[in-house]
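Only one structure is covered here, and it is reproduced in the block below.
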Amino acid sequence: MTTAPRTRGTLPRPRTATFIDTRSWVFWTSIALGVGAFAQVAPLVLESLLANPASGALSAALWTAYGLVFATTVYLLELYERRQLVNVVGALLWGSIVAVGVSRIGGPAMHSIVGDWLGDGSSWVSAIAAPLVEEPLKALGIVALALIPGARIRTVADGAFYGGMIGLGFQVVEGFLYTARTAALSGDAMDTVWQMFVLRGVVAGLWSHAAFSAIAGAGIAYFFVSTGPAWRRWTLALGSLGAAMILHGFLNSPLIHGSQVTAALIKGVPIVIVLATTIHVGRLRERAIFARMARVTVPDHLVSPADFEILSTRGRRRHARADMRERHGAQAARDLHQLQRAQLALLVAAHSDGMVSARAAEAAGRVTAARSALAWSVVGR
């Protein structure tokens, strides 16, 4: 069976709890791509580990820790929802296996084409060739998730989040391969590992592949979730992908002279500005969507517009809990926290699956239970 069709103004109802949907041709195509790409990536990883086992192991440990810390931080700082871990892992795997593996096939061919055009000795070959291959491959992962209803890409913020995770997966594997191979060829392998990790992970990594793919992901998600005219959806989708490619090329370019650290920091400024703007706009749109859900779709006794005013920002939620703790004690503050989480889960479920769905009904039950527990805490005091 094919993926459920999408008509303008509507989103297909999820069949599964995650992107794992055995009735979707997109899911099985992704699996096939993953298997083929793994055959490309696995030998490279093994070769990098064995070239110098000590420095290879250090490279693997550093980049794995980097990916875990980065992904966990982004996951925990999400404003309204904690997305399914299976979907997060799927996005990371697309970036680390599919995008890396296929780029190892398409990358040399594109470098050859660009090299013939500019001349093999041009310092612009990598700056132009790499984005043309890597950014579309990462973007395809966002398209795949958007075409599987169970992935629940329902807002621009969803696209930016999953794009960031795909880019992070790509960055971790590419960073490991580059670090391990460079270290194996150097005179002081262990010191080289640390130098490369700091440069590619800490200095330039914060505005590298994760940033590019988050920007592209926001535009691609807009294409799928917006009810606007087709020209606007196509313009934003292709424009965001183009912006990601241009920023990627700028980071790789020889435009800024000086040390690698200085050049990476200067080049990071416009990338951070575009990324911050993308995230800000995505969150504003997401907030407007959930405000409308509270106003129109979800009954007031579960989440009222006044409730959402408090739920709308992390700071307001913390302030409400602090006020509850001061007036009614720590248990009441904990119960309010549970109520807030249940209300947010209900808004997300109502938007993703519909108010008349098992997921929304379960969330509504948790809201009712949490509100009762909070009432008992307040009255009991």
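Just so it is clear, the structure is predicted and the values come from calculations on it, not from any experiment.
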Requested in this report: I would like to know whether L132 and M245 meet side chain to side chain contact (heavy atoms under 4.5 Å, CB included); could you show each step before the answer?
Outcome: CA-CA 7 Å; L132 289 174; M245 296 167 69; 3.2 Å; yes
Requested in this report: May I ask you to decide if A210's main-chain N or O and S213's side chain share a donor-acceptor pair within less than 3.5 Å?
Outcome: no
Query raised in the report: Are any side-chain N or O atoms of D158 and backbone N or O atoms of R154, one a donor and one an acceptor, separated by less than 3.5 Å?
Result: yes
Requested in this report: Side-chain contact test, heavy atoms from C-beta onward, threshold under 4.5 Å: evaluate it for S103 versus M110 and give yes or no.
Outcome: no
Query raised in the report: Is a donor on one side and an acceptor on the other found under 3.5 Å between the side chain of S112 and the backbone of P108?
Result: no
Query raised in the report: Is there a path of hydrophobic side-chain contacts, each under 4.5 Å between heavy atoms of I, L, V, M, F, W or Y residues, that connects V86 with M165?
Result: yes
Query raised in the report: Under 6.0 Å from the OH atom of Y178, do we count more than 12 heavy atoms belonging to anything else shown?
Result: no
Query raised in the report: To the nearest 0.5 Å, what is the distance between CZ (R325) and CD (Q331)?
Result: 11.0 Å
Query raised in the report: Any side-chain heavy atom of W94 within less than 4.5 Å of one from S30?
Result: yes
Query - R83 NZ/CZ over Y75 ring centroid, <6.0 Å and within 45° of normal - result: no
Query raised in the report: Hey, are the side chains of L344 and E81 touching, using non-hydrogen atoms and a 4.5 Å cut-off?
Result: no
Query raised in the report: Can you check whether A264's main-chain N or O pairs, donor with acceptor, with W207's side chain at less than 3.5 Å?
Result: yes
Query raised in the report: Below 4.0 angstrom, N of the basic side chain to O of the carboxylate: do D353 and R152 qualify?
Result: yes
Query raised in the report: Parallel, tilted or perpendicular for H209 and F170, by the 30°/60° rule?
Result: tilted
Query raised in the report: Okay, side chain of D307, backbone of S304: is any donor-acceptor separation there less than 3.5 Å?
Result: yes
Query - Hydrophobic cluster identity match, F176 and L50, side-chain contacts under 4.5 Å - result: no
Requested in this report: Rounded to the nearest 0.5 Å, what's the gap from CG on L247 to CD1 on I271? Could you check?
Outcome: 5.5 Å
Query raised in the report: Is K138 paired with E135 through a side-chain N to carboxylate O contact shorter than 4.0 Å?
Result: yes
Report task. Given side chain to side chain contact (heavy atoms under 4.5 Å, CB included), test W376 with D335 step by step and report yes or no. Result -> CA-CA 10 Å; W376 276 107; D335 289 338; over 6 Å; no
Query raised in the report: With a 3.5 Å cut-off and no angle check, do the side chains of Q340 and R321 form a donor-acceptor pair?
Result: yes
**Report entry** Spacing of OH belonging to Y80 relative to OG1 belonging to T155, to within rounding of 0.5 Å
**Finding:** 10.5 Å
Query - Any V298 side-chain heavy atom under 4.5 Å of F308 side chain - result: no
Report task. Group every Ile, Leu, Val, Met, Phe, Trp and Tyr by side-chain heavy-atom contacts under 4.5 Å, then state whether V272 and V203 land in the same group. Result -> yes
Query raised in the report: Do any N or O atoms from the side chain of W63 and from the backbone of G201 form a donor-acceptor pair under 3.5 angstrom?
Result: no
Query raised in the report: Is any side-chain heavy atom of W117 less than 4.5 Å from a side-chain heavy atom of I128?
Result: yes
Query raised in the report: Taking it one step at a time, do S126 and H111 satisfy side chain to side chain contact (heavy atoms under 4.5 Å, CB included)?
Result: CA-CA 7 Å; S126 177; H111 273 73; 4.1 Å; yes
Query raised in the report: When rounded to the nearest 0.5 angstrom, what distance separates CG in L58 from OG1 in T192?
Result: 11.0 Å
Report task. Verify, without hydrogens or angle tests, whether S55 (side chain) and N52 (backbone) share a donor-acceptor contact under 3.5 angstrom. Result -> yes
Query - Criterion salt bridge (charged side-chain N to carboxylate O under 4.0 Å, His left out) on R283 and E286, from CA distance to verdict - result: CA-CA 5 Å; R283 287 191 166 180; E286 190 176 40; 5.5 Å; no
Requested in this report: Report yes or no: do L284 and V281 belong to one cluster of Ile/Leu/Val/Met/Phe/Trp/Tyr joined by side chain heavy-atom distances under 4.5 Å?
Outcome: no
Report task. Please check if atom CH2 in W124 has more than 12 non-hydrogen atoms from other residues, nucleotides or ligands closer than 6.0 Å. Result -> yes
Query raised in the report: Checking R316 side chain against E309 main chain: does a donor-acceptor pair fall under 3.5 Å?
Result: yes
Report task. Check the pair M293, V303 against side chain to side chain contact (heavy atoms under 4.5 Å, CB included), reporting the backbone distance first and the verdict last. Result -> CA-CA 9 Å; M293 297 297 297; V303 185; over 6 Å; no
**Report entry** P305 backbone acceptor or donor facing R295 side chain under 3.5 Å
**Finding:** no
Report task. Working to the nearest 0.5 Å, report the span between OG1 of T297 and CG of L302. Result -> 12.0 Å
Query raised in the report: More than 12 foreign heavy atoms under 6.0 Å from CZ of R292: is that the case here?
Result: no
Requested in this report: Dump the intermediate steps for side chain to side chain donor-acceptor pair (under 3.5 Å) on R366 and Q343, then the final yes or no.
Outcome: CA-CA 8 Å; R366 292 200 300 271; Q343 288 177 319; over 6 Å; no
**Report entry** ILVMFWY cluster, L177 and L93 together (side-chain gap under 4.5 Å)
**Finding:** no
Query raised in the report: Going from NE2 on H301 to OG1 on T368, what distance comes out if it is rounded to the nearest 0.5 angstrom?
Result: 5.5 Å
Query raised in the report: Within a reach of under 6.0 Å around CZ of R317, are more than 12 heavy atoms found that belong to other residues, nucleotides or ligands?
Result: yes
Query - E78/R82 salt bridge by N-O under 4.0 Å criterion - result: no
Query raised in the report: Counting only N and O atoms by type, is there a donor-acceptor contact under 3.5 Å from the side chain of T64 to the main-chain atoms of A61?
Result: no
**Report entry** Positive for side chain to side chain contact (heavy atoms under 4.5 Å, CB included) with L92, one of L168, N87, I166
**Finding:** L168
